[in-house]
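Notes follow the structure.
Quick note: residue numbers are just sequence positions, from 1. Read the numbers this way: they start at 1 and go in the same order the structure lists the ligands and their atoms.
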Amino acid sequence: MSALILVNGEVRDECIQPGMQALRQGAPAIDVAELVARAVESDAGDHSVGFSGLPNILGEVELDASIMDGATLASGAVSALKGYLHPVSVARQVMERLPHVLLTDAGAARFAAEINAEAGDLLTPEAKAIYLKRLNAVGRDWGLEIRDWRLEIGDWSEISNLQSLISSSNVPLIDLVARAIRYHEGGDTMNIIVRDGAGRLVSAVTTSGVAWKYPGRVGDSPIIGAGSYADDRHGAATCTGMGELTIRHGTALRAVLALSYGKSIDEAGRETIRDLRRMSGARDAWVRLLLVDKNGAVGGYCTRPGATLKVQTIDENRPRVIESEHVAE
Ligand code: ASP
């Protein structure tokens with residue numbers, strides 16, 4: 001089976017192209033995965049990843065990312081990273097330069113500074129306006145009315161004003177988050193699985209996480225075994241959707257284990273999603289699973305209809321969009 005790139009359907013073809021070119025030239029899967037993930041992190045039109053990602057409840061963009069090399073099971077990850085443009089590259093450096101797998105928050109930022117990772121403001125005016133609109137809609141009971149959210153909202157200092165307003169007006173952040181979060185609208189966290197010409201598998205995930213999250217919330221994207229897993233001997237898996245569910249369930253690892261027990265890719269995908277549904281009991285469970293087996297067969301499995309994936313082999317001119325299979329209860 002040939003080398004390929006598999007991503008979630010929201011990723012633009014333009015972001016896949018440089019990776020496909022590199023794959024054709026014989027680049028290893030890990031370089032290709034990082035290249036494509038970086039392109040998506042720079043995409044200002046994508047409000048769930050990197051630059052222009054939607055912020056936490058305090059208006060701060062906190063990024064989660066991971067990368068895993070299926071040849072060695074080496075992995076690197078960062079969570080709640082603020083102020084750096086390419087968390088996937090920081091995650092890769094964690095893997096390559098530290099005896100650790102996951103760095104979080106201030107430690108992750110310190111490491112990013114030490115390796116000279118590209119720093120930058122992540123909150124774009126558009127993302128800021130979406131945030132203020134949401135805060136306006138859910139914060140009225142606590143006097144959080146931002147009447148001029150439609151205007152170009154100045155700079156970071158205005159977000160700090162808002163943060164002091166939230167702390168000084170006794171707004172219970174717990175209640176504000178519960179009211180603001182809308183899981184069912186999320187889901188275009190960036191997932192990528194690459195299989196290179198040598199049969200090496202790499203999975204990577206990068207995201208700003210669920211919008212309006214509690215500060216410091218870590219999703220499944222940087223949790224190896226939950227949002228991502230790769231093992232050349234069996235296959236690779238990544239997830240989008242409600243990270244809390246896939247962390248509890250160990251979804252990506254379970255899917256790869258199912259392949260290791262000899263299940264076909266469809267059996268592994270369906271059984272993993274079915275099991276997640278049963279385990280969580282959540283009627284509104286929203287999770288999409290991307291799978292590649294060791295031979296390069298691909299599949300997408302989802303708790304609700306309509307989610308897509310994109311796949312391109314090195315022999316194809318452009319990515320194909322595939323509807324992921326809706327796995328009913
Ligand atoms: N899985 C991501 C998280 O929980 C969110 C998403 O896929 O939209 O942070």
Give the contacting part of T240 toward ligand 1: side chain, backbone, both or neither, where contact means a heavy-atom distance below 4.0 Å. both
Measure R217 to ligand 1 on non-hydrogen atoms and call it side chain, backbone, both or neither using the 4.0 Å cut-off. side chain
Is there any N or O on [X] that sits under 3.5 Å from an N or O of ligand 1?
{"X": "G209", "answer": "no"}
{"X": "T207", "answer": "no"}
{"X": "D220", "answer": "yes"}

Please determine, by modelled atom types, if T207 and T189 share a side-chain donor-acceptor pair under 3.5 angstrom. yes
Donor-acceptor side-chain pairing of E34 and H86 below 3.5 angstrom: no
Honestly curious: do V94 and I223 fall in one hydrophobic cluster under the side-chain, below-4.5 Å linking rule? no
Does some side-chain heavy atom of L291 sit less than 4.5 Å from a side-chain heavy atom of L259? yes
Which atoms of ligand 1 sit under 4.0 Å from any heavy atom of V210? 9 (O)
When you measure from the heavy atoms of G241 to every atom of ligand 1, does any distance fall below 4.0 Å? yes
Positive for side chain to side chain contact (heavy atoms under 4.5 Å, CB included) with V36, one of I192, T206, D31: I192
side-chain hydrogen bond (donor to acceptor under 3.5 Å, both in side chains), that's the test. Do R38 and S89 meet it? Break it down for me. CA-CA 8 Å; R38 283 177 66 93; S89 296; 2.7 Å; yes
